[in-house]
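Structure first, commentary second.
Treat the numbers as computed from the prediction; the structure is a model and nothing was measured. Quick note on labels: first sequence line is chain A, next is B, and so on, each numbered from 1.
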2 protein chains.
Amino acid sequence: MNPTQIRPAARFSPALNRLSKLARLDAAAHSALSDAIARPQVLRPRRDLLIEGRDVPHPQLILSGWAARVRILPDGRRQFLNFLLPGDLIGLYHHSRPVSPTTIVTLTEVTVCVPPAPGSHATLDEAYALSQALDEAHLLSQIARLGRMNAMERIGDLMLELHERLSLSDLTQGRSYELPITQETLADALGLTAVHVNRMLQAARRAGDLIWSTRSMTIPDPQQLARKVGRSPVRVLAP
Amino acid sequence: MNPTQIRPAARFSPALNRLSKLARLDAAAHSALSDAIARPQVLRPRRDLLIEGRDVPHPQLILSGWAARVRILPDGRRQFLNFLLPGDLIGLYHHSRPVSPTTIVTLTEVTVCVPPAPGSHATLDEAYALSQALDEAHLLSQIARLGRMNAMERIGDLMLELHERLSLSDLTQGRSYELPITQETLADALGLTAVHVNRMLQAARRAGDLIWSTRSMTIPDPQQLARKVGRSPVRVLAP
DNA sequence: CGCGAGGTTGATTGGGCTCAATACAAGTGG
DNA sequence: CCACTTGTATTGAGCCCAATCAACCTCGCG
């Protein structure tokens, strides 16, 4: 079956699911979101979704594919600041005339839409706020990762985070998930070189911690890996 | 003159100034903020302002002193995620029952107050949103710093950022500012060891880039240093 | 005067980088 | 169908930046 023939609501259900799980959307919010999703926009890989220093015209919701915030140093060194996955919001600010603090670039083919403006549905606003809080928590984790973890721990920790995040939008298959990025991209997210990431991934496989093959990642024992790298799950909500 | 005898509005003017500069506060917002500032709370160094995983009871505004978000790894490694300076807001979330993603600890004696709740003054909300956007931009910078800069660049870049931020609240004296933290604290913010920070600070002095003495930092030529470490100022607002 | 925190210095080690070559698969055009 | 290109992954050798370990110094302060 050709995936383009699937109804948007079904094709982009991961993004919808994520927001629905964050806050229980009422019928009106859900319907407004569905309407927005019905007007998707597709971008090829390596296209800019936002550009550092430019005005942010409106927020966007990732419906499918992977993107990343990126910062390039004057001499060409590149750092991916965080990954943006289906269900993630970008460019959502609450002040007037916002300017993007970073460029956001697509890593794969990406589908986005313009979500309902904040302030129209209380439950949706709650989902937006939660999404933003999660985003902040992930940035903080990224800082600790880069500042105080060694290469092996960084990789393990990030792979666990991605599993955690993707499972929120039902994009995991048990202990596996699609990881549609190159080792070089991974390196630029982890503050390492591609060569070293390659060696560490092999070491992780030998240790039975991570199995990477053909754009897919498997974590045989997430609990054990979490213990090994000293990771605790991200939480922003009281139980 | 004993500083405790100064009126709160004057003593804590740096924090007030910062928020006033972010958005032009109208009289009502300014007065509400002044009322809040009139009920300050003082904390000694090394006290927790928020604890990771615990409920956030209400937002807080730093009136004086330095604090930091911190993450401790199970084996004791410590990473300061960002510094919190006078005028910075903490624990401001827009969803119900927020939980703090990190512990926040005072580095010096710190004065805080509970700022007016969001939603009561439009200009104040604008200032809150801008403050939050700046905060996010600084987190992103911290990620690039840790991921892709060497020790010397990290130090220069952070010292420039602090100068930039402190000047927003008029806490700079020309090219100098008070830096009331130890080299070990700096090391934990920069993902380095205290020993190495010490060596690099000496090298920076020899190079004429930074002059650190008795808790005070001077940047003889900010422009030149910015060029040297490849830094561009943080902006979140269209001009 | 003794103590402790913070700062300084030297010697050594090592994790991750650099440079370089090779392998391999997917296109792509002749 | 093959030659060629391009992007990605892999492997090896050597080096360097920052960590580690260990003294020692300085100063404020009880």
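Residue side chain A:R154 does not reach the base of C:dG16 through any donor-acceptor N/O pair under 3.5 Å, judged by distance alone. Not a single donor-acceptor pair, N or O on each side, falls under 3.5 Å between the base of C:dG6 and the side chain of B:R215.
A salt bridge links A:R145 with A:E161; the closest basic N to acidic carboxylate O contact falls under 4.0 Å. Between B:D75 and A:R148, no side-chain nitrogen of the basic residue sits less than 4.0 Å from a carboxylate oxygen of the acidic one, so the salt-bridge criterion is not met.
Mapping A:V195 and A:R46 onto DNA chain D by nearest heavy atom places A:R46 closer to the 5' end of the strand. With the nearest nucleotide of DNA chain C identified for both A:A151 and B:A194, B:A194 has the one nearer the 5' end.
Protein atom CG of B:L190 is 13 Å distant from nucleotide atom C1' of D:dA18, rounded to whole Å. Per the geometry, CE belonging to B:M149 stands 13 Å off P belonging to D:dA18, to the nearest Å. Computed from coordinates, the A:M152 CE to C:dG16 P distance equals 10 Å when rounded to whole Å. Distance NE2 (B:H196) to P (C:dT8): 15 Å, rounded to an integer number of Å. When the P atom of C:dG16 is taken as reference, atom CG of B:L192 falls 14 Å away, rounded to whole Å. Taking atom CG on A:L186 and atom P on D:dT8, their separation rounds to 13 Å, with Å as the unit. Atom pair A:L107:CG and D:dG7:P shows a separation of 16 Å (rounding to whole Å applied). D:dT10 atom C1' lies 14 Å from atom CD of A:E184, rounded to whole Å.
B:L19 CG to B:L89 CG: the interatomic distance, rounded to the nearest 0.5 Å, is 5.5 Å.
In this structure, B:N198 reaches the C:dT8 phosphate: one of its side-chain N or O atoms is under 4.0 Å from OP1 or OP2. Between D:dT10 and A:Q183, a contact under 4.0 Å exists linking OP1 or OP2 to a side-chain N or O. Considering only side-chain N and O atoms, A:T193 lies under 4.0 angstrom from the phosphate OP1 or OP2 of C:dC17. Side-chain N/O atoms of B:Q202 include none lying less than 4.0 angstrom from OP1 or OP2 on C:dG7.
Closest to the side chain of B:T182, out of C:dG16, C:dG6, D:dA18, is C:dG6. With distances taken from any side-chain atom of B:R199 to the nucleotides C:dG16, C:dG7, D:dT20, the minimum falls on D:dT20.
Under the 3.5 Å distance criterion, the side-chain polar atoms of B:Q224 are left unmatched by any main-chain donor or acceptor of B:D221.
Atom CD of B:E184 is surrounded by 12 or fewer heavy atoms from other residues, nucleotides or ligands within 6.0 Å.
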